[in-house]
Amino acid sequence: MLFDDQDFQETIASVLVPVAVPKAYTYKVPPGQSVVPGTIVRVPLGPREVVGAVWDIEPDAAINPKKLKSITRVYDQTPPLDEDLRRFVDWVANWTLGAPGMVLRMVLRSEEALEPEPPVPGVRRVEGAEPERQTSARRRVLETMEDGFAWTRSGLAHAAGVSPSVIDGLIQQNVLEVVSMPAAPPPPKPQLDYARKKLTDAQEAVAAGLVSTFEKGTGVTLIDGVTGSGKTEVYFEAIAEALRREKQALVLLPEIALTEQFLRRYEQRFGVYPAEWHSEITPKNRARVWRGVASGDVRVVIGARSSLFLPFRELGLIIVDEEHDAAFKQDDRVPYSARDMAVVRGHISGFPVVLASATPSVESHVNAEIGRYTLYELPERASGAALPDLQAIDMRLDGPERGRWLAPRLVHAIKDTFAAGDQSLLFLNRRGYAPLTLCRTCGHRFQCAHCSAWLVEHRFQKRLVCHHCGHFEPVPDNCPSCQSANSLVACGPGVERVAEEVSDLFPQARTLVLSSDLPGGPERLKREMKIVEEGGADIIIGTQLVAKGHNFPKMKLVGVIDADLGLAHGDPRAAEKTFQLLAQVTGRAGRVTGGGRGLLQTYNADHPVIKGLLSGDKHAFYQAEIEARRVAGLPPFGRLAAVVVSGPDKIFAEGYARALARAAPPDEAVTLLGPAEAALAMVRGRHRYRLLTMAPRQFDLQSYLRRWLNQGPKPTKGLRVQIDIDPQHFM
DNA sequence: AGCACGCCGACT
DNA sequence: GTCGGCGTGCTC
């Protein structure tokens, strides 16, 4: 609404400013200017100026009119934020207990986008002018320019294969003149039928289902499909349908690392590149995408979670790929889950939302089961290829001898695979040499002075490292407690230790350790990944970084060294996360293997995670998960209670949360850490956590914690408590 | 005295 | 989120 009091009073407007204040501020609208809700404006705030947006709430009447400052600029070239987006911002702020202005800040992420794209300087041939002296470089430049169009200086130099100084010389001699070139033209539109692949019957059925959801308007669809089942081709059909309906589409991906291959597949399907949005995009491109999305020139965006806050002009579809991935959760500033907020945005604007995964999260599975989401399953690979054959090795029956970590059956399998010239992957999600070092004489255990976690030996770096806080120290010669020499003993395996065993057993094989902490950094890792892809290594020992986004076609065997690792956490998502990780590594869900088989070393062959992986029957696994949560006193499906931690003193906070999790009685389910999308749920009595009956923003976590713990260092302030919860319950 | 640092509150 | 004000405590 426009707050134009016709009579004599000045026009005023509520403006949401991008700072953590609880409400909109009131500003005067300069005479002759007009604003509507959603208009983007620049306003003075304290000692500086900020960009905000006019909001549709009544200006605060209680404020002293003398105090009012004036809007300094109205961005009238930029379309106002539409009502749906404003409602979405308010919804997210309410949900996260954050300041609406902080949510708005995520919308206004590119100040540069508010200005029109500046024209770029270019050069053009001056009619009839010739250089004083003709050189071959100059001739090449002039030949390149024969089309008569203007070129950018560097573009021309590149195209002609000369250095930019040649161009400068021609400008000097007035052979070329500097002109202003119009900004980049709008990006080309996707071509709906550029290269539509022939879909399998199963894919067609799902695609048809997705297309039909547009008729209903709203609705969430969950696609549960193994990798290779062609989920991507299926939701390309949904994108095509959105485009046919003159709507924009957004694809959310959990990680930037995955975007590149996705962009290429999109291009193969639609003939053009989609717009791309994530934290590493250059400011100029960021501004272009923002403007294009707001104007409607950009039809499809592939982006990380923050693209959910782009000011789409006519958004009509969101696809959340790898919906189970924790990277959709933002932990700092406004803490939100992009997957859940995508569902909210679809709900507010009345368009379909598609969630896709090979290992859907428990809450999405439950939402599908109870009919809130429509479920489609693609259990088979589109190529008809078989899924890898998985078997367990029960370590209680068939384990290795003492001091060894590879079971005889796994060793045999590696041997056969190596003999056949194929690759093996040994997966162990534990960096370093050994997770625990102790003194054989006095029993001293090496712990981190800072957070009391065990120090992990990294033999390669000759250090003891805390994987929790990063603290490290050299490995001492003598026990620091009893001074005994040669008394320290490494307990348990890490990838370095498994690698040692492998080179012992297979001295002729080319082995490679892939772990994030190896010297050489990301570049070396990238090189080594390539070596593996090309078959330049026989046995790979890797941590979880081999699980994601890599395709190792020559890998015929996966051995999981400690399949139970991660199951015993206090984290209520432990089983789910382990299931997802192992499914990905073994090729049940991921792309790591080129078929073949997998062997899981386990002490818990009857655990639902292991059984679920072996049988491929996820349903039983989900049922077991839901039941386990019920037994643990956690809220039932979809509403996973979690405890929280973030703030300035993260190490303290995490230590406290862990201690709290241990100390809490069984019916006070305290666990996880993460930010704050959720005290709200507790306040509304949706959850059992007593702590949260206090006022949401001021509850005293500190004294609550002290009551349990009664000692220890005082955490500084800034702890926040929160639950990881499904917003469906509040819509 | 002069200043670095951290905490706190205001910002319309 | 960001800034300025103010108190504490250390150095020249």
Side-chain angles (χ1 to χ4, degrees), chain A residues 1-5 9-31 33-75 81 86 89-90 92-114 279 283 286 305-306 309 330-336 646-653 675-677 695-703 713-720 722:
Chain A
M1 73 211 73
L2 187 72
F3 308 116
D4 54 343
D5 257 1
Q9 285 209 325
E10 287 166 300
T11 314
I12 54 171
S14 283
V15 176
L16 214 50
V17 289
V19 296
V21 292
K23 50 190 179 161
Y25 279 177
T26 309
Y27 286 89
K28 293 190 280 196
V29 180
Q33 303 264 41
S34 70
V35 297
V36 296
T39 302
I40 299 169
V41 294
R42 178 176 276 275
V43 292
L45 183 71
R48 65 215 151 98
E49 272 193 3
V50 295
V51 174
V54 175
W55 222 241
D56 34 8
I57 50 181
E58 288 302 317
D60 195 343
I63 206 89
N64 177 0
K66 293 244 159 63
K67 231 175 131 183
L68 295 185
K69 294 182 183 173
S70 198
I71 290 170
T72 44
R73 179 159 174 206
V74 175
Y75 290 99
L81 307 178
R86 298 196 309 274
V89 167
D90 286 336
V92 173
N94 183 39
W95 178 247
T96 60
L97 301 176
M102 291 306 292
V103 181
L104 178 68
R105 191 190 177 81
M106 301 196 284
V107 176
L108 302 173
R109 276 277 298 275
S110 171
E111 214 173 299
E112 196 181 330
L114 303 175
S279 59
R286 176 181 295 269
R305 57 177 186 242
S306 58
F309 294 91
Q330 170 157 303
D331 279 5
D332 54 351
R333 285 165 283 174
V334 179
Y336 67 97
S646 64
D649 206 340
K650 218 174 170 188
I651 305 241
F652 258 143
E677 59 215 9
R697 298 182 74 85
Q698 281 112 31
F699 63 81
D700 188 356
L701 179 61
Q702 203 171 318
S703 61
K714 290 181 188 126
T716 53
K717 54 196 109 151
L719 294 179
R720 288 187 293 181
Q722 174 149 66

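Rounded to whole angstrom, the span from the CD1 atom of Ile71(A) across to the P atom of dC11(B) amounts to 19 Å. Spacing between atom CG of Leu45(A) and atom P of dT12(B) amounts to 6 Å, rounded to whole angstrom units. Straight-line distance from the CG atom of Leu108(A) to the P atom of dG1(C): 15 Å, rounded to whole Å. One interatomic measurement links the two molecules: CD of Glu111(A) to P of dG1(C), which rounds to 17 Å at whole-angstrom precision. Distance Tyr25(A) OH to dC11(B) P: 7 Å, rounded to the nearest Å. At whole-Å resolution of the value, NZ in Lys28(A) and C1' in dT12(B) are 11 Å apart. Whole-Å rounding puts the Leu16(A) CG to dC11(B) P distance at 17 Å. To the nearest angstrom, C1' of dA10(B) lies 16 Å from CG of Asn64(A).
Here the shortest heavy-atom pairing between Pro59(A) and Ile12(A) reads CB-CD1, 3.8 Å. For the residue pair Phe309(A) and Val103(A), the shortest heavy atom distance occurs at CE2-CG1, 3.7 Å.
Between atom NZ of residue Lys67(A) and atom OG1 of residue Thr26(A) there is a gap of 10.0 Å, rounded to the nearest 0.5 Å.
Leu68(A) comes within 4.0 angstrom of the backbone, heavy atoms only, and of no base. Lys69(A) comes within 4.0 angstrom of the backbone, heavy atoms only, and of no base.
Using a 4.5 Å cut-off on side-chain heavy atoms (C-beta onward), Leu45(A) and Tyr25(A) make contact.
Glu112(A) pairs by the salt bridge (charged side-chain N to carboxylate O under 4.0 Å, His left out) definition with nothing, not counting sequence neighbours. Partners of Arg42(A) by salt bridge (charged side-chain N to carboxylate O under 4.0 Å, His left out), not counting sequence neighbours, listed by chain and number: Glu49(A), Glu111(A).
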Every protein N/O lying under 3.5 Å from an N/O of nucleotides 2-6 of chain C:
{"unit_1": "dT2(C)", "atom_1": "O4'", "unit_2": "Arg48(A)", "atom_2": "NH1", "d": "3.4"}
{"unit_1": "dT2(C)", "atom_1": "O4'", "unit_2": "Arg48(A)", "atom_2": "NH2", "d": "3.2"}

